[in-house]
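Each remark here refers to the structure printed beneath this line.
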Amino acid sequence: MINLPKTYDPKRVERKWYSLWEERGYFKGRTDTGKPAYSIVIPPPNVTGSLHMGHALNCTLQDILIRWKRMKGFNTLWLPGTDHAGIATQNVVERQLAQEGKTRKDLGRTAFEKRVWKWKKIAEDNILSQIRKLGCSCDWSRQRFTFDEGLSRAVREVFVRLYEDGLIYKGEYLVNWCPRCRTAISDLEVEFAPTRGHLWHIRYPVKSSDEFLVVATTRPETMLGDTAVAVHPDDGRYHHLRGGTAVLPLMDREIPIIEDTFVDREFGTGAVKVTPGHDPNDFEAGRRHELPIVKVIDEDGRMTADAGAFAGLDRYRARRRVAAELERLGLLEKVESHGHNVGRCQRCSTVVEPLVSTQWFVRVKPLARTALQAVEDGSTVFVPANYSKIYSDWMTNIHDWCISRQLWWGHRIPAWNCEDCGHSTVARTEPESCSRCGSARPVQESDVLDTWFSSGLWPFSTLGWPDRTRDLETFYPTSALVTGFDIIFFWVARMMMLGLRFRGDVPFGKVFITGLVRDPHGQKMSKSKGNIIDPLEVIEEYGCDAVRFTLAVSAAPGADIPFSISRMAGYRAFCNKIWNGARYLLLNLDQGLSAEEEDIGRLWEKGSLRLEDRWILGRLQQINQETERNLERFFIHSASNDLYHFFWHEFCDWYVELIKGRINGGDTVAAQVATHVLERSLRLLHPFVPFLTEELWQRLPHSGDTIMLAPFPEARPEWIDPDDIERMTQLQELITALRTARAENNIDPRRRLPAEFTCPFLTRGFLESQSHHLKTLAQLGEIEFLDGLSREGLRITGVANTTQFSLRLDQAIDLAAEKDRLQRQIGRLEEDRIRLDRKLDNENFVRKAPAHIVDGARRRRQDVGTQLNRLQDMLHGLPEP
RNA sequence: GGGCGGUUAGCUCAGCUGGGAGAGCGCCUCCCUUACAAGGAGGAGGUCGGCAGUUCGAACCUGCCACCGCCCACCA
């Protein structure tokens with residue numbers, strides 16, 4: 001006897017199967033097969049901590065795709081790995097050090113790097129075990145890390161080639177600087193937030209005049225670095241000052257009054273102080289007008305020696321002091337409250353300081369052109385499609401990318417600076433001498449690369465590039481990328497540019513953009529709100545398959561996902577339902593029964609199948625087709641939802657209930673069909689709920705070692721018979737109407753009631769053939785078919801489609817309630833009748849609408865008429881209360 | 001300042017190519033019927049944000065408006 005517990009126990013099952021799958025090498029991609037490849041590279045999680053719900057969603061979706069394609073016979077590869085995440089990881093470790101009262105400088109670079117590597121190991125082990133707990137079928141033999149030996153080689157190769165092609169340059173420019181992280185960051189790493197501040201109006205004396213030029217600024221401390229005042233060339237108010245000079249207060253520096261169209265005449269006084277050293281606009285203006293740059297704020301956010309009396313002060317302190325000093329001198333005209341955007345460091349929220357420094361940049365325009373083209377011509381397709389516009393807009397307006405970081409954790413820039421002539425020699429390996437002056441004293445650049453530089457290579461660096469490997473040949477370009485909208489620019493765009501540049505082909509054919517996983521009320525999950533749901537905790541409590549299914553069914557493309565615990569409980573129940581549906585069949589099955597497609601085909605041809613068999617087989621084919629279609633277009637929410645409904649509410653609720661009598665009577669046909677449908681359903685469900693389906697599949701008759709490698713079912717459209725499905729629907733509606741009538745009259749569900757039916761001739765034949773089902777599922781006794789219903793005795797009555805029924809009672813019912821029920825039903829039908837009449841009376845509708853729509857309306861109108869007549873009849877037939 | 005998305009049942013959301021408004025959870029009634037109480041049967045609940053237009057027909061297409069959210073942008 002088969003021993004299956006009454007409820008599904010995920011823990012036991014999950015432990016068992018994952019290690020077996022992995023040990024047997026089922027996850028491995030191959031290079032020695034003629035099968036078409038389907039590959040995905042994981043968006044590598046940062047080694048900063050543990051996985052959150054977003055990762056769980058992302059991984060689940062990828063695993064669904066990979067498992068599906070694997071079953072479809074593709075040579076699949078899902079390549080896992082992690083990201084060294086430069087600045088983010090360095091910050092994590094620095095925080096740990098701070099707990100010990102230390103800074104990274106106390107350790108020194110080498111010891112600090114060692115410390116980060118130690119942490120990396122811990123975080124990575126943790127992350128990888130979490131990915132395994134999610135059931136992900138990654139090829140662990142190909143696991144990569146953005147900072148491992150091979151990938152570092154790829155990074156150097158790319159850097160050198162870009163440099164040689166003139167696409168990387170070093171120079172002194174204004175960059176975004178984080179004074180806390182003490183590094184330059186890219187434009188993307190600055191997050192702007194509306195902030196309430198002030199607008200200081202400052203009087204700049206005009207040289208050789210009593211006049212003042214009033215400028216407005218939100219950052220008075222930067223005035224110390226002003227090297228001009230700008231007005232609009234068409235601004236009549238200032239024409240008399242053309243070519244003039246202003247005297248910078250506090251510094252007593254003479255600065256020119258320049259004219260430039262970047263000035264907005266409407267804003268403030270129409271005169272702008274120009275600080276090329278600390279403002280992006282002013283920097284540009286400074287270059288146009290060849291203005292000197294005075295750097296008054298340093299890398300720590302303190303005032304430099306060039307800030308005169310304010311040197312050494314923190315920038316905010318300096319702001320207050322400058323304002324106070326101006327006030328004292330009567331040069332502060334007014335201070336207004338002012339709202340504006342302030343940029344902060346993405347990693348630490350410190351207010352970013354624009355300052356001039358020497359950095360390395362990628363000239364991205366040439367790269368962006370190809371990357372733009374590839375999306376326009378459909379080589380890479382975004383799902384949902386509207387993201388391609390967001391991508392294109394960004395690519396079109398792209399600025400050069402600052403790639404150097406003054407950090408310790410990351411790929412050292414492969415450039416060696418000459419101690420003698422200052423030249424940078426860029427090379428794949430350490431050069432013996434300076435490439436310009438030949439000096440033997442080149443020292444490697446201490447800066448590291450932006451972490452996205454290495455992740456931008458991920459789709460090919462992980463496959464062995466720059467070597468020409470079988471892996472590259474087989475799996476590049478990858479098939480799909482699954483990722484969040486938040487890293488389209490950071491990551492997707494860079495991969496597109498670099499993939500096209502170095503592989504001559506897009507890195508992926510499809511980009512599936514997922515939304516944000518939110519808390520059950522649609523709020524963003526965050527530590528401060530305390531509403532974080534830990535994937536591991538819910539897996540522990542509800543089982544991996546329930547968590548996966550919840551994520552899958554919620555994942556409408558591009559939409560955010562409120563992760564609902566109550567919903568997950570519902571899907572855990574679904575897992576249990578699958579378990580018990582299978583359990584029922586297994587407990588009642590003959591061992592050795594064969595339920596392969598050919599067996600069912602023979603039964604079909606011999607005509608041994610009954611209506612319910614043909615119906616469920618037809619529905620299975622339809623669901624199979626739909627699942628395929630939906631997965632193909634990344635409608636994972638629809639695919640999973642359809643399967644849910646089919647398995648539970650069609651297979652279990654109807655089919656299994658319909659055949660119980662046959663099963664008890666030893667009908668092997670029913671057993672075969674049921675087993676077949678179950679086995680196919682498990683395969684269809686496997687990508688979504690891998691553990692449960694494997695566990696059950698192993699107990700069913702089949703060939704093969706694992707459901708993972710069993711073929712994904714292919715629909716047989718010839719098994720879809722619309723007539724069967726239509727008739728079955730009618731039967732279901734009648735049974736439901738009978739149940740409703742009983743329930744609403746509070747009839748004991750166990751009591752069998754004798755029934756009379758009146759219906760059209762054709763329906764009668766059909767119902768007679770299905771009367772056993774009516775008896776079982778609606779708890780009926782004797783059934784009679786009459787031309788008109790008799791009226792004697794106590795009865796409850798009802799109607800479904802064209803069939804009228806009457807159930808004889810031997811107990812009193814609440815006549816008022818029954819009357820009320822009939823009237824409600826009549827009311828609803830009356831509304832339908834009016835609506836349909838209006839439609840059909842409309843000549844235009846009849847003339848212009850497609851024939852099948854008009855026919856459908858006519859048929860419905862007829863049915864509604866019949867039902868109404870019958871209900872009226874019944875209502876009048878009710879005895880007075 | 002530009003761009004994108006959303007507004008559907010008490011809650012959270014589906015609704016594909018325009019043609020009888022759906023799911024899960026919650027709520028109410030009945031039932032522990034030997035697959036499953038993490039279950040079964042039934043029920044209540046919606047002017048599909050507003051207005052206008054296109055159409056025989058609009059939750060769906062178009063325009064305007066309102067509110068919410070997101071992204072991008074150098075307004076001192």
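Reminder, nothing fancy here: chain letters follow the sequence lines and each chain counts from 1.
Candidate nucleotides C13(B), A76(B), C56(B) were compared by shortest atom distance to the side chain of Arg567(A), and C13(B) ranks first. Checked against G19(B), C36(B), A38(B), the side chain of Arg583(A) finds its nearest nucleotide in C36(B). Nearest to the side-chain atoms of Thr740(A) among the listed nucleotides A35(B), C56(B), G42(B) stands G42(B). Here A38(B) is the nucleotide among A38(B), G69(B), G24(B) with the atom lying nearest to any side-chain atom of Thr7(A). Counting only heavy atoms from C-beta on, Phe635(A) has its side chain closest to C16(B) among C16(B), G19(B), C75(B). Closest to the side chain of Glu657(A), from the set C36(B), C30(B), C72(B), is C36(B). Counting only heavy atoms from C-beta on, Lys839(A) has its side chain closest to G20(B) among G69(B), G20(B), G39(B). Minimum atom distance to the side chain of Lys389(A) is reached by G3(B), of the listed A76(B), G42(B), G3(B). Listed nucleotides C36(B), A41(B), A76(B) differ in distance to Asp653(A); the shortest reach to its side chain belongs to A41(B). Side-chain atoms of Ala573(A) lie closest to G39(B) of the nucleotides A35(B), G39(B), A44(B).
At a threshold of 4.0 Å, the pair Asp393(A)-Lys389(A) counts as salt-bridged, since one of the basic side-chain nitrogens sits closer than that to a carboxylate oxygen.
Arg824(A) has its CZ atom 8 Å from the C1' atom of G43(B), to the nearest Å. Rounded to whole angstrom, the span from the OH atom of Tyr391(A) across to the C1' atom of C70(B) amounts to 21 Å. Following rounding to the nearest Å, Arg265(A) (CZ) and A76(B) (C1') show an atom-to-atom distance of 16 Å. Residue Glu266(A) contributes atom CD, which lies 14 Å from atom P of G1(B) at whole-angstrom precision. Whole-Å rounding puts the Tyr644(A) OH to A38(B) C1' distance at 11 Å. Rounded to whole angstrom, the span from the CH2 atom of Trp654(A) across to the P atom of A41(B) amounts to 8 Å. Distance, Glu733(A) CD to G42(B) P: 12 Å, rounded to whole Å. Atom CG of Asn746(A) is separated from atom C1' of A41(B) by 13 Å (rounded to the nearest Å).
A35(B): no Watson-Crick or G-U partner with both key distances under 3.5 Å is found in any strand. Both distances falling under 3.5 Å, in either a Watson-Crick or a G-U wobble arrangement, place A52(B) opposite U62(B). Base pairing of C27(B) is made with G43(B), judged by Watson-Crick or G-U wobble geometry with both donor-acceptor distances under 3.5 Å. G57(B) is unpaired under the Watson-Crick or G-U wobble criterion, no partner having all donor-acceptor distances under 3.5 Å. Pairing for A73(B) is absent, judged as Watson-Crick or G-U wobble with the two contacts each under 3.5 Å.
Put simply, the side chain of Glu541(A) does not reach to within 4.5 Å of the side chain of Met568(A), judged on heavy atoms.
Looking at Lys577(A), its side chain comes within 3.5 Å of the base of C36(B) through a donor and an acceptor atom. Arg629(A) contributes a side-chain N or O that forms a donor-acceptor pair with the base of C16(B) under 3.5 Å. Taking only distance into account, the side chain of Arg633(A) meets the base of C16(B) through a donor-acceptor pair shorter than 3.5 Å. Taking only distance into account, the side chain of Lys6(A) never meets the base of A38(B) through a donor-acceptor pair shorter than 3.5 Å. For Arg739(A) against G42(B), a side-chain-to-base donor-acceptor contact under 3.5 Å is absent.
Here the separation of U54(B) from C60(B), taken at their P atoms, is 15 Å to the nearest Å. U34(B) and G40(B) have their C1' atoms separated by 14 Å, with the value rounded to a whole Å. Taking the P atom of each, A44(B) and G49(B) are spaced 24 Å apart, rounded to whole Å. Taking atom C1' on both nucleotides, G24(B) is separated from G19(B) by 27 Å, rounded to a whole Å. Taking atom C1' in both C68(B) and G50(B), the straight-line distance is 15 Å, to the nearest Å. The gap from the P atom of G15(B) to that of C72(B) amounts to 26 Å, rounded to the nearest Å. For the C1' atom pair drawn from G69(B) and C32(B), the interatomic distance equals 47 Å after rounding to whole Å. Taking atom P on both A21(B) and A9(B), the two are 15 Å apart, rounded to the nearest angstrom.
Contact annotation: Arg828(A) side-chain N/O to A44(B) OP1/OP2 distance is under 4.0 Å. An OP1 or OP2 oxygen of G40(B) is reached within less than 4.0 angstrom by a side-chain nitrogen or oxygen of Trp648(A). The side chain of Ser564(A) contributes no N or O atom lying less than 4.0 Å from OP1 or OP2 of C11(B). Side-chain nitrogen and oxygen atoms of Lys524(A) include none within less than 4.0 Å of the OP1 or OP2 phosphate oxygen of C70(B). Within the 4.0 Å cut-off from OP1 or OP2 of G15(B), at least one side-chain nitrogen or oxygen of His637(A) is found. Regarding contacts with the backbone of G22(B), every side-chain N or O of His649(A) stays at 4.0 angstrom or more from both OP1 and OP2. Contact annotation: His338(A) does not reach the phosphate of C75(B) (side-chain N/O to OP1 or OP2, under 4.0 Å).
The six-membered or imidazole ring of Tyr391(A) lies away from that of Phe489(A), with a centre-to-centre distance of 6.0 Å or more. A distance of 6.0 Å or more separates the ring centres of His399(A) and Trp401(A). Between Phe549(A) and Tyr571(A), the ring center distance clears the sub-6.0 Å criterion.
Two residues, Tyr584(A) and Lys273(A), neighbour RNA chain B, and the one matched to the more 5' nucleotide by heavy-atom proximity is Tyr584(A). Where Thr269(A) and Leu188(A) meet RNA chain B, the nucleotide closest to each residue was compared, and Leu188(A) sits on the side nearer the 5' end.
Closest heavy-atom contact between Asp282(A) and Thr275(A): OD2-N, 2.7 Å.
Residues satisfying the ring pair (Phe, Tyr, Trp, His ring centres under 6.0 Å) test with His201(A), not counting sequence neighbours, are none.
Taking the ring axis of Tyr584(A) as reference, the NZ or CZ atom of Lys660(A) stays within 45° of it and closer than 6.0 Å to the ring centre. A cation-pi contact, defined as under 6.0 Å to the ring centre and within 45° of the axis, is absent between Arg344(A) and Trp177(A).
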